[in-house]
Number of protein chains: 2
Amino acid sequence: MSLSGIFPIDQWNFKSQSILKSIPTEDHDRLCVNMTVESYNKGDVIFKEGAVPSGIFYIQKGIVKKYKVDRDGREQIIYVAGSSELIGYHAILAEDRYPDSATAIEDCIIAFIPKEDFLEVLHSSVILSQRLLKNMSHEYAVLTNNISVFTQRTARERVAITLIVLREKYKNEEANEDTINISRSDLSNMAGIAKENLVRILKEFKTLGILYTEGRKIMITDIRMLAEISSYSNKTLKLR
Amino acid sequence: MSLSGIFPIDQWNFKSQSILKSIPTEDHDRLCVNMTVESYNKGDVIFKEGAVPSGIFYIQKGIVKKYKVDRDGREQIIYVAGSSELIGYHAILAEDRYPDSATAIEDCIIAFIPKEDFLEVLHSSVILSQRLLKNMSHEYAVLTNNISVFTQRTARERVAITLIVLREKYKNEEANEDTINISRSDLSNMAGIAKENLVRILKEFKTLGILYTEGRKIMITDIRMLAEISSYSNKTLKLR
DNA sequence: TCTAAAAACTGATAAATATCAATTTTATTT
DNA sequence: AAATAAAATTGATATTTATCAGTTTTTAGA
C-alpha cells in the first residue's frame with residue numbers, strides 16, 4: 001500500500017552496536033512524507049550491495065542484518081538494525097550504489113520512502129539534516145570501534161561482544177529479554193569467525209554457565225560474566 | 001597565530017581508503033571562519049581518544065594517522081588522512097568524546113577551527129551540511145569496506161591493500177610518486193597484523209619484484225601485481 | 001506425526017598468524 | 001664521524017583459527 005505517513009525523526013535512532021555508547025533522543029519533530037509499508041519474511045532481501053538506491057527504509061518492526069559478501073561467498077555482517085532504525089540512506093546521500101546488503105533475519109514491517117520524497121524532506125528540514133549528521137557521527141564511532149574489535153580481540157571476546165549486542169537488539173524487539181533467536185551462521189558471520197569455531201565457543205560458554213540453548217535459541221543467564229569476557233583478554237582468564 | 005581564514009569546502013575531501021571509490025568535488029563554495037594555523041612535528045599528537053573535542057582540524061599539509069589503542073597498548077590505525085582533509089568533526093556533531101586518536105606521521109600544517117565557529121558556519125550554511133552528509137556517507141562505505149577487508153582477507157592481501165592506499169596518500173603529498181615513508185610499526189598497525197609478519201610479507205613482495213626499500217622507505221615498482229594480490233585469494237596465487 | 005532437508009555439532013588436522021629471543025641495520029645525537 | 005638508541009629483521013616456536021569429513025539434532029513440510 002502507498003500512503004502519506006509520518007516520518008518520526010524524534011523516534012528513530014542509530015541503536016548502538018557498542019556496549020558503551022548510546023545517543024539520547026533530544027529532538028521532537030515529525031515530518032510528513034510519502035511511504036509504502038511492506039512486510040518482509042525472514043530471509044527476504046531488502047536491498048543488495050551494488051544496486052542503485054531507489055529510496056530509504058525505516059524499520060517499524062523486526063530485525064535486519066546488513067552485510068557484505070566476498071568473492072568466495074563468505075558473508076560479514078556489518079551491523080544488525082532493529083525497530084525504529086533507518087537503513088539504506090547512505091547510498092542516496094553519497095550519490096552512490098548501496099555499499100552493503102540488507103536481509104530480514106526476522107519477519108519485518110518496513111516503511112519505504114522513495115528517494116525523491118526523502119530528499120525533499122531533507123532539503124526542507126534543517127532538523128532532519130542535523131539529526132542525520134549526529135546519527136552518522138555516532139555511526140562513525142561504532143564502526144571505528146568495531147574495526148578495533150575485529151583486529152584486536154580474540155574470537156572468544158568477539159563472540160561475547162556479539163552476544164551482548166544481540167541481546168540488546170532482541171530486548172528492544174520482544175518482551176522476553178534474554179532470548180536471542182539467530183542462526184549459528186549469522187552469529188559466526190557477525191563475529192567474523194568460522195561456524196565450527198563459534199559452536200565450540202558457545203559450548204564453552206554453556207559450560208561456564210553463561211548461557212543455555214533450546215534448539216536454535218540462545219538464552220543468556222550471566223550477562224556479567226559475558227561482559228567480563230568481552231573486555232578482558234583470555235590470557236588473563238585462562239578459559240580453556 | 002589566530003586569524004580569520006577561508007574554509008574551502010570546495011577543496012576538502014574525504015580521500016578514499018578504498019581503491020574503488022572517490023567522490024568528485026561538485027560544490028564551489030568558500031566560507032569565512034576563525035582558525036589558528038599550527039605546525040605539528042612527526043609524532044605529535046593532535047587529539048586523543050576520549051578527550052572532549054574543542055574544535056575541528058583541517059589538514060593543509062602532511063599526513064595524519066587516526067587510530068585506536070587497546071588495553072594492551074596495541075594500536076589499530078583506522079584511517080590515514082592527508083592534505084585537504086577534515087578530521088575531528090564527528091565528535092562535535094555526535095556531541096560526544098573523540099572516538100579515536102590522531103597523530104602526525106609526517107610534519108604537518110593544520111588549521112584548527114574552534115567548535116563554536118565550526119557550528120556557526122554549519123548552521124548558517126546549507127551547502128556545508130550537505131557536503132558533510134555526503135562526506136560521511138562516503139566514509140560509511142569506506143569503513144564498511146574496511147571491516148570486510150579485516151575479517152575476510154588474509155594478512156598478505158591486507159598488506160597489499162594498505163600499500164596501495166598509502167601510495168595514493170603519498171602521491172597526493174609529494175612529487176615523488178611511488179615512495180612510501182612510514183615505519184614498519186605503523187604499517188603493521190594499519191594492516192592489523194604483527195610487525196614481524198609484516199616484515200616477512202614485505203620481504204616476499206621484494207622477492208616478487210613488487211617493491212624495493214631504501215632504509216625505511218618503500219618504493220613500489222609493480223602496482224599492477226600489488227593490485228592483483230590485493231584482490232585474489234592467495235589460495236589461487238600460491239605465493240609461498 | 002513422520003520424513004527429508006537443513007542446520008548444528010564434533011573430532012582430527014592443517015594453515016595462518018603471533019610471540020619470543022636474539023641479531024643486524026638504520027637513524028639520531030653529540 | 002663515532003656512539004648510542006631505536007627500529008627492523010630473522011629464525012624458531014607456540015597459539016589461534018580455519019578447514020574437512022563426518023555424525024547428530026533440529027526444523028519445516030507432506
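The model shown is predicted, which means the values in this text are computed figures rather than measured ones. Just so we're on the same page: letters track the sequence lines, and every chain starts at 1. Excluded from the calculations below are hydrogen atoms, water molecules and symmetry mates; all remaining heavy atoms, backbone and side chain alike, are included.
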Proximal nucleotide (of D:dT17, D:dA8, C:dA18) relative to the B:R184 side chain: D:dA8

Could you pull out all donor-acceptor pairs under 3.5 Å where a side-chain atom in residues 205-220 of chain B meets a protein atom, sequence neighbours excluded?
unit_1: B:K206; atom_1: NZ; unit_2: B:T213; atom_2: OG1; d: 3.0
unit_1: B:T207; atom_1: OG1; unit_2: B:K203; atom_2: O; d: 2.8

Sequence neighbours excluded, the answer for side-chain hydrogen bond (donor to acceptor under 3.5 Å, both in side chains) partners of B:Q152 is none

Residues that A:T162 engages under side-chain hydrogen bond (donor to acceptor under 3.5 Å, both in side chains), provided they are two or more places apart: none

Over how many whole Å does the gap from B:N181 atom CG to D:dA8 atom P extend? 11 Å

Show every side chain to side chain donor-acceptor pair (under 3.5 Å) that has at least one partner inside residues 103-113 of chain B, sequence neighbours left out. B:Y67-B:T103

Pairs flagged by salt bridge (Lys or Arg N to Asp or Glu O under 4.0 Å) wherever residues 188-198 of chain B is involved - sequence neighbours left out: none

Please determine, for the side chain of B:A155, which listed nucleotide (D:dA8, C:dT17, D:dT17) has the closest atom? C:dT17

Can you find a pair of side-chain heavy atoms, one from A:I109 and one from A:I59, that are under 4.5 Å apart? no

In whole Å, what is the span from the CG atom of A:L202 to the P atom of C:dA8? 10 Å

Can you tell me the distance, in whole Å, between the CD1 atom of B:I201 and the C1' atom of C:dA15? 14 Å

Determine to 10° how strongly the helix from C:dT1-D:dA30 to C:dT30-D:dA1 is bent, judged from the axes of its five-pair ends. 60°

Between B:S185 and D:dA8, does any side-chain N or O lie under 4.0 Å from OP1 or OP2? yes

Starting at CD of B:E75 and ending at C1' of C:dA18, how long is that distance when rounded to a whole Å? 18 Å

Can you tell me how far P of D:dG11 sits from CD of B:E204, to the nearest Å? 14 Å

Does B:D100 have any side-chain hydrogen bond (donor to acceptor under 3.5 Å, both in side chains) partners at least two apart in sequence or in another chain, and if so, which? A:Y140

B:A111 meets the side-chain contact (heavy atoms from CB on, under 4.5 Å) criterion, sequence neighbours left out, with B:M35, B:V37, B:Y58, B:Q60

Between protein and nucleic acid, restricted to nucleotides 10-13 of chain C and to nitrogen or oxygen atoms under 3.5 Å apart, what atom pairs and distances do you find?
unit_1: C:dG11; atom_1: N7; unit_2: A:R200; atom_2: NH1; d: 2.9
unit_1: C:dG11; atom_1: O6; unit_2: A:R200; atom_2: NH2; d: 3.4

Could you check how far CG of B:D70 sits from C1' of C:dA18, rounded to whole Å? 14 Å

Whole-Å gap separating P (D:dA8) and CZ (B:F205): 18 Å

Take atom CZ of A:R153 and atom P of C:dT17, then tell me their distance rounded to the nearest Å. 21 Å

Separation of B:D44 CG from B:C108 SG (nearest 0.5 Å): 9.0 Å

Per-nucleotide protein contact string for nucleotides 23-30 of chain C, where B marks a base within reach and S marks sugar-phosphate only (heavy atoms under 4.0 Å, - for neither): ---SS---

All ring pair (Phe, Tyr, Trp, His ring centres under 6.0 Å) counterparts of B:F47, not counting sequence neighbours: B:F57, B:Y98

Once side-chain hydrogen bond (donor to acceptor under 3.5 Å, both in side chains) is applied, do any residues pair with A:D186, and if so which ones, sequence neighbours excluded? A:K65

